Amino acid sequence: MEELQQLAVYYRPYFRQDAFHRLSSGLGTKWNFFSKEKKRAIRFFSLDAGEDLLLFLALRYDTINRLVNSPTYQTIQLPKKRGGYRTIYIPEQLLSRVQRKLNTHLQAVYGFVRPPVVHGFVRKHGREQACSIVSNAAAHINKPFILQIDIKDFFDVISARKIRDLFQSELFQLNREMATILTLLVTHEGKLPQGAATSPVLSNFCCLELDHALIQLTEAAGITYTRYADDLTFSAEKPFTEVWMTQVEGCLQQHGFLCNSKKTRLTSRHRKQTVTGIVVNKHLNVDKRLYKQVRAMLHDLKYNGIEAATKKHFKLSETPENMVCAQFVAKLSGLLGYIKQVIGAENERFMKLERTFQELTAIET
């Protein structure tokens, strides 16, 4: 990070003079050989004063002032699988655009500090392998014992104060004014809002110390650890001891998080083991229920037609319109894409499903 910080100081005058043409000859030929991730990280680290942020976001002072002091969010309640509701905050269009730009540059910074155990909310960085639920699950294939722990109220416990402290930390080294402005742009009601583009990557930054602590704890015990958002997964050749599990919970509390004991799950290889929804007992596979669902959708599409299949799948009382039928086909295509991602395009089981889908959708169109 020190090199990036130094480069940010060097290039800051150029950004201020040439905000809308950053790749001009004024930045020097060396700039052109940096990766896009490095350029974005340097650009973010160059934010030092209010004028830098105005140029970076291409907004006027009064606009930034309104977004900071009077942001508008739409609140949506989404039902959870196990009961209750999850609150999603949808920022207004302009604020959403601001957060998306900040997210792009924050993701670039995170790529330089990401622990290899983190697989969620991560963009592909350079030539690194893409991270996903598949890469997260792959680390735990064919392990005798798997322990899964869920962090309670993950986004809610990451307060605005934590975010401001993060921006003022040794990693970002932003002054108090800039840290405060950025914090107000990415938080709502004193916490990270689910629905803001910046919340996932900022949650990863806030888990950096936790991840490093758990890496030390697991490596010492010969245990594999990965994290996908608020899902912590541990796998081992030997049973987990009560003492070690207590140490994990203590580590979470030490870093400001709590374990959701209702979702803690311990499985052995004699039962179905799933990690982020993917079966990992002997190799990566999807749940049998998903295969059954896709086969049923294809069967209805083949023998009953798209309208009947759509009506049955979405539990509709009336004949669906064309747009709804298109949503059915899109969902089926998405499920097939997920199966392909997990078991591979050359898998015979997938190829058979895909071939049937292609034949049926070709007939429908």
Side-chain angles (χ1 to χ4, degrees), residues 1 4-5 8 40-41 43-50 52-54 56-57 59 64-73 75 86-92 94-115 118 120-123 151-213 227-230 251-258:
M1 285 297 105
L4 295 176
Q5 294 282 5
R40 287 169 176 169
R43 187 68 183 95
F44 188 85
F45 283 136
S46 72
L47 301 178
D48 182 61
D52 298 322
L53 187 62
L54 293 176
F56 174 68
L57 297 175
L59 294 175
I64 291 286
N65 187 54
R66 184 188 67 78
L67 292 178
V68 166
N69 294 296
S70 304
T72 302
Y73 285 83
T75 304
R86 176 178 290 106
T87 303
I88 305 297
Y89 300 94
I90 309 299
E92 60 178 282
L94 181 57
L95 181 57
S96 177
R97 179 173 70 81
V98 168
Q99 291 173 347
R100 289 198 303 272
K101 183 163 187 175
L102 289 171
N103 175 58
T104 297
H105 290 73
L106 286 167
Q107 285 282 4
V109 176
Y110 185 69
F112 289 100
V113 297
R114 178 185 75 88
V118 180
F121 305 148
V122 177
R123 287 188 179 180
I151 297 177
K152 186 176 182 181
D153 301 326
F154 186 50
F155 286 102
D156 290 347
V157 298
I158 301 177
S159 65
R161 182 174 181 176
K162 281 186 179 180
I163 299 302
R164 190 187 65 184
D165 290 345
L166 169 68
F167 284 136
Q168 290 187 274
S169 68
E170 187 67 23
L171 175 60
F172 287 102
Q173 300 181 22
L174 297 177
N175 60 55
R176 186 177 182 86
E177 178 188 13
M178 182 58 61
T180 300
I181 293 172
L182 288 173
T183 298
L184 292 171
L185 286 172
V186 300
T187 60
H188 181 57
E189 297 181 348
K191 61 188 178 183
L192 279 186
Q194 289 194 61
T198 42
S199 292
V201 67
L202 287 171
S203 71
N204 275 341
F205 276 116
C206 289
C207 286
L208 271 175
E209 292 185 0
L210 170 66
D211 288 326
H212 287 300
R227 182 175 63 82
Y228 191 94
D230 57 351
C251 190
L252 282 169
Q253 292 178 19
Q254 182 181 347
H255 292 88
F257 298 100
L258 291 175

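Keep in mind that this is a model prediction, so the values were computed, not measured. Numbering of residues begins at 1 and proceeds along the displayed sequence. As a basis for the values below, the full set of heavy atoms in this structure was taken, side chains included, without hydrogen atoms, waters or symmetry mates.
Closest approach of A108 and A41 over heavy atoms only: CB-N, 3.9 Å. Taking every heavy atom of both residues into account, Q99 and L185 meet most closely at NE2-O, 3.0 Å. Closest heavy-atom contact between V113 and L208: O-CD2, 3.7 Å. For the residue pair T87 and Q194, the shortest heavy atom distance occurs at O-CB, 3.9 Å. Closest non-hydrogen pair, R123 versus N103, comes out as NH2-ND2, 3.2 Å. A pairwise comparison of heavy atoms in P71 and L95 identifies CB-CD2, 3.8 Å as the closest pair.
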With side-chain contact (heavy atoms from CB on, under 4.5 Å) as the test, would you mind laying out the steps for L4 and M1 before giving the verdict?
-> CA-CA 5 Å; L4 295 176; M1 285 297 105; 3.5 Å; yes
Given side-chain hydrogen bond (donor to acceptor under 3.5 Å, both in side chains), test R100 with T104 step by step and report yes or no.
-> CA-CA 6 Å; R100 289 198 303 272; T104 297; over 6 Å; no
Output, in order, the C-alpha distance, side-chain angles, deciding distance and verdict of side-chain contact (heavy atoms from CB on, under 4.5 Å) for T187 and L202.
-> CA-CA 10 Å; T187 60; L202 287 171; over 6 Å; no
F44 and L182: CA distance, side-chain angles, deciding distance, side-chain contact (heavy atoms from CB on, under 4.5 Å) verdict | CA-CA 11 Å; F44 188 85; L182 288 173; 3.9 Å; yes
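Listed by chain and number, the residues in a salt bridge (Lys or Arg N to Asp or Glu O under 4.0 Å) with D52 are R16 (sequence neighbours excluded). With sequence neighbours left out, R40 forms a salt bridge (Lys or Arg N to Asp or Glu O under 4.0 Å) with no residue at all. Partners of R66 according to the salt bridge (Lys or Arg N to Asp or Glu O under 4.0 Å) rule, which considers only residues two or more places apart in sequence or in another chain, are E92. In this structure, F121 has no ring pair (Phe, Tyr, Trp, His ring centres under 6.0 Å) partners at least two apart in sequence or on a different chain.
The aromatic rings of F45 and F172 lie tilted to each other, with the angle between the two planes from 30° to 60°.
Using a 4.5 Å cut-off on side-chain heavy atoms (C-beta onward), L106 and V186 make no contact. Between L59 and R97, some side-chain heavy-atom pair lies under the 4.5 Å cut-off. Considering only heavy atoms from C-beta on, D230 stays 4.5 Å or farther from F257 through its side chain. In this structure, the side chains of F56 and L102 come closer than 4.5 Å at one or more pairs of heavy atoms.
Here L184 contributes atom CG and I64 contributes atom CD1; the two are 11.5 Å apart, rounded to the nearest 0.5 Å. To the nearest 0.5 Å, atom CD of residue E189 and atom OH of residue Y89 are 4.5 Å apart. In this structure, L54 CG and I181 CD1 are separated by 8.0 Å, a value rounded to the nearest 0.5 Å. Atom OG1 in T72 sits 9.0 Å away from atom NE2 in H188 (nearest 0.5 Å). Considering CG of L258 and CD1 of I151, their distance stands at 9.5 Å, rounded to 0.5 Å. H255 NE2 to C207 SG: the interatomic distance, rounded to the nearest 0.5 Å, is 10.0 Å.
No donor-acceptor pair closer than 3.5 Å links the side chain of Q168 to the backbone N or O of M178.
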Name each donor-acceptor pair under 3.5 Å that joins a side chain in residues 155-166 to protein atoms two or more places apart or in another chain, with its distance.
{"unit_1": "D156", "atom_1": "OD1", "unit_2": "K191", "atom_2": "NZ", "d": "3.4"}
{"unit_1": "S159", "atom_1": "OG", "unit_2": "K162", "atom_2": "N", "d": "3.2"}
{"unit_1": "K162", "atom_1": "NZ", "unit_2": "V157", "atom_2": "O", "d": "3.4"}

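Within the structure, side-chain hydrogen bond (donor to acceptor under 3.5 Å, both in side chains) pairs that include any residue of residues 199-211 comprise N204-R227, D211-Y225, D211-R227 (at least two apart or interchain).
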